[in-house]
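Proteins come first, then strands; the chains are lettered A, B, ... in the order of their sequence lines, and each starts at number 1.
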Amino acid sequence: MAIERKDIKKINSYLWEIPATFRKDMKVPARFYANEKFLDKVLEERALEQLINTATLPGVQKYVLAMPDIHEGYGFPIGGVAAMDQKTGMISPGGVGYDINCGVRLLKTGISFKDVEGKKHDFMANLMRSIPAGLGRGGAVRVSFDELDKYLEKGASFAVEEGFGFKDDLEKIEENGCLRQASPAKVSDRAKKRGIGQLGTLGSGNHFLELQKAEEVFDQEIAEKLDIKKDEIFIMIHTGSRGLGHQTASDYIEVMRQAMQKYKISIPDPELACTPFNSPEGQDYFEGMAAAANFAWANRQIITELVRRDFSRIFKIPKEQISLIYDVAHNIAKIEGDLVVHRKGATRAFGPNNSAVPKIYREIGQPVIIPGSMGTASYFLLGTKKAEEETFGSNAHGAGRVMSRHKAKRKIQGGILKKELEAEGITIMAHSKPGLAEEAPFAYKNIEEVTDIIAESGISKKVLKLRPIGVLKG
Amino acid sequence: MNHEFLDHPSDLKIKAVGKSKEEVFQSLAEAVAEYLLQEKPSAEEEKSFDIELKANDLLGLLIQYLNEILFLTETEGAIFAKVRFEELEDDYLKAKAYSSGQRPKEQIKSATYESEIKRISKGFQAVVLFDI
């Protein structure tokens with residue numbers, strides 16, 4: 001059923017609603033954040049129909065939501081948020097995605113652009129050797145299956161125990177880098193076999209590691225509080241749970257596809273396969289997904305250590321000086337209060353005085369890190385009380401694609417794109433050149449507009465704009 | 001060529017047609033190999049791996065089969081463009097997949113159920129959406 005302008009209700013200049021009366025099977029309304037310019041584009045896409053489909057799931061609460069970076073996914077749209085009642089609601093692997101706990105981590109270095117300019121190329125070339133894409137080849141870290149289970153159970157904290165990073169890092173990770181519900185036994189041997197050689201690897205697709213400089217400070221008071229200065233160098237890491245997470249998602253979609261008949265659940269799209277959260281299958285998935293999420297946090301923690309080693313050696317600063325700003329998941333399902341919140345391509349964004357926010361940020365709100373597409377700016381923002389009231393404490397997660405990877409590759413060659421970006425002062429290291437073209441900036445929505453929408457609607461607050469000066473792409 | 005890469009805003013969509021299910025399943029393995037290599041796969045056959053799968057329906061079988069190829073690709077670090085089918089029913093298959101010794105340059109996370117396989121007048125047609 002095509003969705004037209006007349007079917008949507010304007011809540012305010014940035015928030016729109018499709019009422020639950022739009023389709024008979026909807027249990028709650030579907031809301032999305034967009035400006036007038038994005039609106040027509042969103043209406044054309046299948047993404048909105050996918051959002052409406054999520055509003056049909058049993059136990060869904062209040063409304064389903066999409067962030068301004070919404071685009072077509074499978075099952076849930078990317079940029080989708082759905083909160084389920086813990087007792088009566090569903091859990092769906094399609095609401096998390098295949099890359100469980102894909103997420104972003106931002107590191108602060110304390111040194112300025114002028115201190116890195118001369119050796120930037122050297123540093124990026126070193127990183128490319130230290131951090132493989134990990135496609136079939138092994139990662140930087142060799143572990144046994146017993147050790148892998150510990151990573152699955154304890155996440156980033158086990159990585160710290162093994163010498164990757166510092167204990168202080170853990171408090172600056174969502175959930176301290178470990179979902180305690182994780183059960184390594186609920187991750188299949190096949191998933192473990194796929195993931196065992198992939199700790200400390202970046203993966204391909206849109207995953208990257210960037211060297212960035214603070215280009216614009218929006219909130220001087222907060223920047224001073226966090227000792228952030230214009231032109232300071234930051235490092236952003238964007239990766240997830242690699243093959244281990246992909247296999248875990250595939251495994252449980254099969255399980256749920258079978259089990260749905262038993263629970264007499266009917267859904268409008270097979271990728272929305274789900275079971276009650278409290279069913280054995282639902283709990284198995286939740287515990288397996290949590291273990292895969294822990295793997296992803298450990299992966300980002302290990303990569304952080306590899307970055308610290310190269311950075312401190314080349315720029316001659318102590319490793320301790322490279323500190324975490326924050327690490328957020330953007331593909332995950334979590335218990336928050338009485339709800340099971342599914343975020344698929346959305347970031348948690350709690351406001352001030354929330355006990356889940358680490359002490360150092362408690363007064364100002366949780367850091368929200370939104371990466372732009374390759375070669376474009378990224379943002380550091382803060383969650384707000386309004387986000388907690390309006391979006392189950394959620395925010396956007398990126399720019400959002402508007403052009404297929406195939407089309408992007410036809411439009412520009414990887415080699416040419418590399419030269420163009422280098423002319424803008426960005427050092428590019430890519431494990432795959434065609435992959436580079438797929439991520440061309442023109443294939444994405446404008447990140448400035450995405451962040452303007454979430455900031456102006458009050459669900460987040462801008463702190464810093466970061467401009468890439470070096471990119472390592474998987 | 002029995003497969004075609006279709007446009008999709010974020011992921012990889014492949015259409016394959018064939019006179020039989022075997023042809024469609026085989027074409028999809030080739031298409032996956034072509035995407036992972038970013039070029040046509042070579043015809044060499046290095047090592048063989050047994051595949052045996054059961055499913056409730058043909059779509060389930062196809063998705064499980066493609067995910068098996070992706071599992072082998074990632075765990076063996078090799079490309080699997082050639083598959084020989086000993087049996088291929090609507091709910092069961094037994095086959096051998098052959099690695100070519102080439103290494104993947106790209107990655108596919110999973111085949112998804114936003115896919116279909118159906119009978120057409122001259123055989124079968126499948127459209128599969130992969131998460132990359």
Side-chain angles (χ1 to χ4, degrees), chain A residues 45-47 50 71-75 78 94 97-99 133-138 190-191 193-198 203-207 240 242-243 245-247 249-251 253-254 257-258 261 269-273 345 400-407 409 431-435 438 443 474, chain B residues 4-15 31 34-39 53-57 59-80 99-117 128-132:
Chain A
E45 274 205 46
R46 251 199 85 217
Q50 292 183 326
H71 62 94
E72 184 180 341
Y74 20 83
I78 312 297
Y98 289 92
D99 198 355
L135 306 180
R137 282 156 299 167
R190 289 162 63 81
K193 205 173 160 195
R194 224 168 135 172
I196 193 153
Q198 295 180 334
S204 67
N206 58 0
H207 294 159
R242 312 283 291 102
H246 312 157
Q247 189 66 41
S250 304
D251 288 345
I253 285 172
E254 293 295 339
R257 214 173 160 246
Q258 304 283 337
Q261 294 155 354
D269 176 341
E271 278 286 310
L272 286 177
R401 284 196 85 94
V402 286
M403 185 189 286
S404 76
R405 295 170 203 252
H406 200 50
K407 244 187 207 157
K409 265 191 297 196
H431 289 288
S432 150
K433 276 218 178 68
E438 288 179 1
Chain B
E4 189 186 341
F5 293 98
L6 306 177
D7 248 350
H8 185 274
S10 52
D11 287 309
L12 173 68
K13 202 172 189 177
I14 303 175
K15 178 177 163 184
E34 190 180 324
Y35 174 78
L36 293 170
L37 282 169
Q38 298 288 314
E39 62 184 350
L53 298 166
K54 279 186 206 136
N56 282 350
D57 50 31
L59 178 63
L61 192 68
L62 177 65
I63 299 302
Q64 281 190 46
Y65 155 79
L66 292 169
N67 282 339
E68 184 69 28
I69 302 255
L70 295 175
F71 170 77
L72 287 171
T73 302
E74 218 164 285
T75 50
E76 298 300 323
I79 290 291
F80 291 82
S99 66
S100 74
Q102 293 164 289
R103 290 198 165 276
K105 294 195 181 91
E106 283 290 331
Q107 172 198 300
I108 299 176
K109 291 172 187 164
S110 184
T112 76
Y113 277 96
E114 296 245 341
S115 302
E116 62 165 20
I117 180 162
V128 180
L129 181 67
F130 295 89
D131 183 5
I132 51 176

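- Taken from OH in A/Y98 to CG in B/N67, the straight-line distance is 7.0 Å, to the nearest 0.5 Å.
- Once rounded to the nearest 0.5 Å, the distance linking CZ of A/R242 with NZ of B/K109 reads 9.5 Å.
- Neither the backbone nor the side chain of B/A55 comes within contact range of chain A; no heavy atom of the residue lies under 4.5 Å from a heavy atom of that chain.
- Contact annotation for B/E106: both backbone and side-chain heavy atoms come within less than 4.5 Å of a heavy atom of chain A.
- Between chain B and the options A/G203, A/P270, A/A191, heavy-atom pairs under 4.5 Å are most frequent for A/P270.
- Only the side chain of A/I253 has a heavy atom closer than 4.5 Å to any heavy atom of chain B.
- The most heavy-atom pairs under 4.5 Å with chain B, out of A/E254, A/Q258, A/M403, A/K409, come from A/E254.
- Proximity to chain A (any heavy atom under 4.5 Å) is restricted, for B/K105, to the backbone atoms N, CA, C and O.
- Across B/L59 and A/R257, no two heavy atoms sit closer than the pair CD2-NH2, 4.4 Å.
- Minimum heavy-atom separation, B/E114 to A/D269: OE2-OD2, 2.5 Å.
- Ranked by heavy-atom pairs shorter than 4.5 Å toward chain A, the options B/L129, B/L70, B/N56, B/L6 are led by B/N56.
- At a threshold of 4.0 Å, the pair A/R190-B/E68 counts as salt-bridged, since one of the basic side-chain nitrogens sits closer than that to a carboxylate oxygen.
- Note that the CG atom of A/D99 and the CG atom of B/D131 stand 8.0 Å from one another [nearest 0.5 Å].
- Proximity to chain B (any heavy atom under 4.5 Å) is shown, for A/E72, by both the backbone and the side chain.
- By the 4.5 Å heavy-atom criterion applied to side chains, A/H246 and B/F71 are not counted as neighbours.
- Using a 4.5 Å cut-off between heavy atoms, B/L36 makes no contact with chain A at all.
- With 3.5 Å as the limit, one finds a donor-acceptor pair spanning the side chains of A/Q198 and B/E74.
- Looking at B/Y35, the atoms closer than 4.5 Å to chain A (heavy atoms on both sides) all sit in the side chain, from C-beta outward.
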*Apply side chain to side chain contact (heavy atoms under 4.5 Å, CB included) to the pair B/Q107 and A/H207, showing each step before the final yes or no.*
CA-CA 11 Å; B/Q107 172 198 300; A/H207 294 159; 5.6 Å; no

